[in-house]
Structure formats: structure tokens, C-alpha cells
Amino acid sequence: MAGFAGRLARCWYSGFLRSPLQVPALGLHVGGPAMQTSQKDFNNAVSQLKLLKEDPGNEVKLKLYALYKQATEGPCNVPKPGMLDFINKTKWDAWNALGSLSKEAARQNYVDLVSKLSASSESPSPEAPAADRKQPESDSLVVTSGDGITTIRLNRPTKKNALTTQVTPSARESILLVLSRLFHSKTMYHDIIAALQAASKDESPITVLTGSGDYFCSGNDLTNFTSLPAGGPEEMARSSAVLLRDFVNCFIDFPKPLVAVVNGPAVGISVTILGLFDVVYATDRATFHTPFSHLGQSPEGCSSYTFPKIMGSSKAAEMLLFGKKLTAQEACAQGLVTEVFPDSTFQKEVWARLKAYSKLPPNAMRISKQIIRDREKEKLHAVNAEESNVLRERWLSDECMNAIASFLSRKSKL
Ligand SMILES: CCCCC/C=C/CC(=O)SCCNC(=O)CCNC(=O)[C@H](O)C(C)(C)COP(=O)(O)OP(=O)(O)OC[C@H]1O[C@@H](n2cnc3c(N)ncnc32)[C@H](O)[C@@H]1OP(=O)(O)O
């Protein structure tokens, strides 16, 4: 364990782990094609940014700010704001981190980033339920209710909707609120728990989980493991196991029809929890991947119990031990997915169907779900507790540490 802590600390201090403020972390151009971006392209990108339909989140906005300053004023040449000038200091750090990147390269990177954001910022489908009620949210989770459906949408498209334990304040929140949320460690996992708890009591007969952009979700954000609390790796593993258990418990206990609208590939915990949903609709572009052994980790989301039950022990083993990635059709044939739709008509067909289902008598649906699920609940809670405990140990293992370091140093991808 000392080896783990030492290695993680060395990785951190040597800058081996990726930081959003480091030039390589942004995937920046430092020459070559950068020269091809004209001032006109840059001006167009500045205008294009204003047309984005989704807020790209604070991290991306910080990148854009830094690149804009570098592109228009060159390397950071203003005095560093004081420690208590929290916002301006963060902006200064981001700009300063670009070092001597040329104005032309900064322009190119700005244009590239805006075009990536424009491509992934999908306009809401006309078939999606009308949002007549929008709950308080962070930028990375959007909750809307309308047409009898509460929709919880994972909204970090530039990170493939990876689930972060970093604080994810809304762009609209004041700095005092940001600080209070830091103090209370509110994360995307907490936001989902809160959204499910609210949905369990709201008026919508049906609740949906879906994602923004091209992915449903790429699972746990692997950079979660890089922010060590004061208690070191052991404390990180302990608190993550508690959070994981609480998170999965909300799915086990959810009292109404819970539907996954899987709009693209799903990885890790976003696949395993599907066994706790009542219905799973998937686009034919979706894939289902649980690379736990590759990551030195072990199954969660009650999948060690639900997957063998759903698909038989040998198919479950191929997924959970060997990380076999299933196509949507395969996942459907194995019972994990209810129905697969062509990507071109996915949103239209799925939302039309859900709107029709939402008109069914809500109490009847709740009671039917209770009869189907209740006798399993005790077992599922026990499985969840055991899986969380096992993972707590796994997260402290060399196998896990090496796999995460490898991803973070960009050596590996699934
Ligand atoms: C409370 C704690 C509970 C913990 C519960 C445990 C759960 C276990 C799991 O969920 S295991 C699964 C973990 N997920 C992964 O291993 C996926 C890692 N990501 C990838 O392999 C790839 O990013 C990809 C295959 C999902 C997508 O590849 P693609 O080439 O299409 O896109 P990019 O890699 O360029 O991704 C765009 C940016 O998004 C970042 N990103 C994507 N997924 C994650 C992730 N899971 N964690 C951290 N970061 C992620 C990626 O790094 C890119 O960022 P960049 O633009 O800054 O480079």
C-alpha cells in the first residue's frame, strides 16, 4: 500500500497524470497545421461558440478562455491575481499554463475545440419530451420533466459522459455556493442520487436515464483517482466504496418504471447498472463494455448477480472476466437490452413509445414493479455491499493503479 501511495504521489507531483491546465493535456498543436488557421476562421469560431446549444462546462470554458487570450494577446503577461481572487487566479493559471504557445497555434486549437464542441452539442430531439419543469442541476447533469417522463441526462459529452467525483458546479452558481459545495463534496454521483430521489417522489410515472452527445456513458471517470484526499489512497478507496454503494442502492430501491435510453456506447458502471433497470432501449450504435479485469477492478452495480441471472453464467463471465464488448444486437439477444432501434430513428421511436407508456395508470405500474422486484431487494443490497467492499481493496492494488496510470498517460484506451 505504501508502494501504491508513493507511486501515485510521484505520478502526481511529476505531472505524469493529466491536468487540464497542461499543454499536452489539451492535445494542443504546437506548430505545423496551426499556421493554416486564418484570422477569419478564428473569428468564425468565436461567433460559433455563442451558438452552442449546451453549456460545455467550466473545465472546457476555462480551456477556451486560455486559448482565446493566448491567440489574441500572446503568452500571459499580466501579474498573478491574489490567492483570494479565486476566479481570476484560476483563469490566470489556465492562460499561464499555455506557456510560449504561439498565437497561431492557439488560434488553431481554439478553432479545433469549438468545432469539436459544435459537433457534439446535439440539439434536443424534437421527439424528446417537452421540458415543462427543470430541476436545479449542475452542468454535467440535466434533469427535466414533461409529458409524464422525468429525464435524467448525463451531460459531459466532451468526456463521453464519464461519471466524475469532482465537484461539478453549475455555471450559474455563485462562488459562495461553489465553495459550500466543495465543502460538502457534491459530485456527479451525488447529483444522480439526488435526481433519482426527487424522481421517485415526483408526478412523472416514468423515469429515464440517457446521455448527451455520442456516448451513453464511459463509466467512472478515471481521473477521479487522481485527487487524493488528506487521508491518502486508503481514504479515497473507503469513501469511493461508500459512494458507490449509496449510488447503486438508489437504483435497487427506485420505485417506478426506470428506463435506460442508451444513445451510444456504454462502459463500466453504466453497463452494470442496466441490470437494475426495468427496460433498456438502445441505438444500434451502442456497445456494452465492462473492462474490469483490464482495469484491475471487479464487477459492481450488482452485475455479479444480475448478469449471470440475465444471460447465464458463461456469457456473464465473458463480459465480466474477459471484458468482451457486446454489440447492441448481442446485448439484446442476451437479455440485457430490451430492444434495439436504428440510430436514424432511435430518438423518435423511443420517445414516442415512452410518451404512450407514461399515460398508463401510474399506481398500477408502481405496484407491478414492486411485485416483480421486491423479493430480490434484500439480495441485491447484500450483493452491492459485497461488491463495493471488494472494489475498495481492488482500488488499492498495483493492478488497478497501473491500469489507471496507463490510461492517464495516454498509453491505453479501451
Ligand atoms: C464513486 C466511484 C465509483 C466507481 C465505480 C467504478 C466503476 C468502474 C468503471 O466504470 S470501469 C470503466 C472506466 N472507463 C474506462 O475505462 C473508459 C476510459 N475511456 C476510454 O477508453 C476512451 O475514452 C473511450 C473508449 C471511452 C472513448 O474513446 P474516444 O477515442 O472515442 O474518445 P476520447 O478517448 O478522446 O475521449 C474524449 C475525452 O473524454 C475523456 N474520457 C472518456 N472517458 C473517460 C473516463 N472514463 N475517464 C476519464 N476520462 C475519460 C478522454 O480522456 C478524452 O479527454 P481529453 O479530451 O481531455 O483527452
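In listed order, ligands and their atoms are each counted from 1.
Considering Lys159, His294, Met236 only, the shortest heavy-atom separation from atom 57 (O) of ligand 1 involves Lys159. Distances from atom 9 (C) of ligand 1 to the heavy atoms of Leu391, Ile269, Asp214, Leu408 show the closest one on Ile269.
Those atoms of ligand 1 with a heavy atom of Gln297 less than 4.0 angstrom away are 8 (C). Proximity to Ser218 (heavy-atom distance under 4.0 Å) selects the following atoms of ligand 1: 13 (C), 14 (N), 15 (C), 17 (C), 26 (C), 42 (C), 43 (N), 44 (C), 45 (C), 46 (N). Interface of Ala162 with ligand 1, defined as ligand atoms under 4.0 Å from a residue heavy atom, comprises 44 (C), 45 (C), 46 (N). In the vicinity of Leu295, heavy-atom distances shorter than 4.0 Å reach the ligand 1 atoms 11 (S), 12 (C), 13 (C), 16 (O). Taking a cut-off of under 4.0 Å to the non-hydrogen atoms of Phe407, the atoms of ligand 1 that pass are 18 (C), 19 (N), 20 (C), 21 (O), 48 (C), 49 (N), 50 (C), 52 (O). Short contacts between ligand 1 and Gly268, defined as distances under 4.0 Å to a heavy atom of the residue, involve ligand atoms 9 (C), 10 (O), 11 (S), 12 (C). Of all atoms in ligand 1, listed by their number and element, those nearer than 4.0 Å to a heavy atom of Ser240 are 1 (C). The Trp395 neighbourhood of ligand 1 comprises atoms 4 (C), with distances under 4.0 Å to a heavy atom of that residue.
The closest approach between Phe247 and ligand 1 stays at or above 4.0 Å for every heavy atom of the residue. Residue contacts with ligand 1 include Lys116, since one of its heavy atoms falls under 4.0 Å from the ligand. At a 4.0 Å cut-off, not a single heavy atom of Phe225 sits close enough to ligand 1 to count as contact. The shortest separation from a heavy atom of Thr158 to ligand 1 is under 4.0 Å, placing the residue in contact. Heavy atoms of Pro291 come nearer than 4.0 angstrom to ligand 1 in no pair at all.
By the side chain to side chain donor-acceptor pair (under 3.5 Å) test, Ser115 pairs with no residue at all, sequence neighbours left out.
For Asn220, a nitrogen or oxygen atom sits less than 3.5 Å from a nitrogen or oxygen atom of ligand 1, counting backbone and side chain alike.
Considering CG of Leu101 and SG of Cys76, their distance stands at 13.0 Å, rounded to 0.5 Å. The line from CG of Asp253 to OG of Ser200 is 9.5 Å long, rounded to the nearest 0.5 Å. Rounded to the nearest 0.5 angstrom, Glu73 CD and Trp95 CH2 are separated by 4.0 Å. Note that NZ of Lys160 is 8.5 Å distant from OG of Ser218, once rounded to the nearest 0.5 Å. Note that CD1 of Ile269 is 12.0 Å distant from OG1 of Thr290, once rounded to the nearest 0.5 Å. Once rounded to the nearest 0.5 Å, the distance linking NE2 of His381 with CD of Glu376 reads 11.5 Å.
Proximity of Asp221 to ligand 1, defined as any heavy-atom pair under 4.0 Å, is shared by backbone and side chain alike.
Around atom CD of Glu235, more than 12 heavy atoms belonging to other residues, nucleotides or ligands sit under 6.0 Å away.
Residue pairs meeting the ring pair (Phe, Tyr, Trp, His ring centres under 6.0 Å) criterion with at least one member in residues 250-274, sequence neighbours excluded: Phe247-Phe251, Phe251-Phe277.
Between Trp395 and Phe225, the two ring planes are tilted [angle within 30° to 60°].
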